[in-house]
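Step one of this worksheet: look at the structure below.
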Amino acid sequence: MTESKTILETTVKAASSKRAENIIALDMENVSLLADYFVIMSANSNRQVASIADEIVDQNEKNGVSVRHVEGQRAAEWILIDLGDVIVNVFQTDQRKFYNLEKLWSQANPVDVQKWVEA
């Protein structure tokens with residue numbers, strides 16, 4: 001498993017453990033030079049968005065992943081986490097609908113992350 005795929009798995013499991021909703025991952029290999037994977041998820045409150053983001057950062061740091069940058073923590077409506085080859089977007093549900101990143105990156109292939117999502 002590649003390093004970026006391991007980061008993706010850690011991220012999805014951490015988000016799922018904090019009840020993130022509608023977690024999707026996009027394979028950006030043939031679409032963008034920014035990252036290997038783009039992850040989008042949502043939650044219903046600022047507190048939950050912040051909790052999910054904190055867990056993603058904590059779990060990746062435990063695995064020795066360098067967290068390059070975290071943006072948007074104060075408002076916790078859209079938190080962007082730069083894990084190098086994996087870019088994570090944790091949205092409040094309304095913000096996710098407004099920005100509609102899935103449409104923006106619609107040419108990217110989805111990655112099946114369901115095996116990492118808690119039932």
| request: Given side-chain contact (heavy atoms from CB on, under 4.5 Å), test Val65 with Thr10 step by step and report yes or no. | output: CA-CA 10 Å; Val65 174; Thr10 300; over 6 Å; no
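- By the side chain to side chain contact (heavy atoms under 4.5 Å, CB included) test, Ser45 is found to be paired with Arg47, Gln48, residues two or more places apart in sequence or in another chain being considered.
- With a 6.0 Å radius and a threshold of 12 heavy atoms from other residues, nucleotides or ligands, Lys97 has its NZ atom at or below the threshold.
- Looking at residues two or more places apart in sequence or on another chain, you find a salt bridge (charged side-chain N to carboxylate O under 4.0 Å, His left out) between Lys13 and Glu9.
- Rounding to the nearest 0.5 angstrom, the gap separating the OG atom in Ser51 from the CD1 atom in Ile79 is 9.5 Å.
- Residues Ile23 and Trp116 form no side-chain contact, since every pair of their non-hydrogen atoms from C-beta on lies 4.5 Å or further apart.
- Taking Asp85 as the reference, Ser4, Asp36 meet the side chain to side chain contact (heavy atoms under 4.5 Å, CB included) condition, with sequence neighbours excluded.
- Within the structure, no pair that satisfies the ring pair (Phe, Tyr, Trp, His ring centres under 6.0 Å) test touches residues 11-31, not counting sequence neighbours.
- Sorted by first and then second residue, the side-chain hydrogen bond (donor to acceptor under 3.5 Å, both in side chains) pairs with a member in residues 23-32 form an empty list; sequence neighbours excluded.
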| message | Let's go through Glu77 and Val49 carefully: what are the C-alpha distance in whole Å and the side-chain angles of both, what is the deciding distance for side-chain contact (heavy atoms from CB on, under 4.5 Å) to 0.1 Å, and is it a yes or a no? | response | CA-CA 7 Å; Glu77 293 176 350; Val49 167; over 6 Å; no
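- Checking Asn22, Ile52, Val12, Asn89 one by one against Met41, the side chain to side chain contact (heavy atoms under 4.5 Å, CB included) holds for a single residue, Ile52.
- Residues Tyr37 and Leu80 fall into different hydrophobic clusters, defined by Ile, Leu, Val, Met, Phe, Trp and Tyr side chains chained together at heavy-atom separations under 4.5 Å.
- Cluster annotation: Val31 is not connected to Val111 through the hydrophobic network of ILVMFWY side chains, with a link wherever side-chain heavy atoms come within less than 4.5 Å.
- For residues 13-33, there are no ring pair (Phe, Tyr, Trp, His ring centres under 6.0 Å) pairs, not counting sequence neighbours.
- In this structure, Asp94 has no side chain to side chain contact (heavy atoms under 4.5 Å, CB included) partners at least two apart in sequence or on a different chain.
- Qualifying ring pair (Phe, Tyr, Trp, His ring centres under 6.0 Å) partners for Tyr99, counting only residues two or more places apart in sequence or in other chains: Trp78.
- Glu102 meets the salt bridge (charged side-chain N to carboxylate O under 4.0 Å, His left out) test with Arg96; sequence neighbours excluded.
- Heavy-atom minimum distance, Pro110 versus Leu26: CA-CD2, 4.1 Å.
- Residues satisfying the side-chain hydrogen bond (donor to acceptor under 3.5 Å, both in side chains) criterion with Ser106, sequence neighbours excluded, are absent altogether.
- Residues Met28 and Ile7 are members of separate hydrophobic clusters, defined by side-chain heavy-atom contacts under 4.5 angstrom among Ile, Leu, Val, Met, Phe, Trp and Tyr.
- The two residues Glu55 and Ser17 have their closest heavy-atom pair at CG-OG, 3.8 Å.
- In summary, the side chains of Asn44 and Thr93 do present a donor paired with an acceptor at a separation below 3.5 Å, with no hydrogens or angles considered.
- Cluster annotation: Val90 and Leu101 are assigned to distinct hydrophobic clusters (Ile/Leu/Val/Met/Phe/Trp/Tyr, side-chain heavy-atom contacts under 4.5 Å, transitive).
- For Glu71, the side-chain hydrogen bond (donor to acceptor under 3.5 Å, both in side chains) partners are His69, not counting sequence neighbours.
- In terms of hydrophobic clustering, with Ile, Leu, Val, Met, Phe, Trp and Tyr side chains grouped at heavy-atom distances under 4.5 Å, Trp105 and Ile24 are assigned to a common cluster.
- Residues forming a side chain to side chain contact (heavy atoms under 4.5 Å, CB included) with Ala35 (at least two apart in sequence, or on another chain): Ile87.
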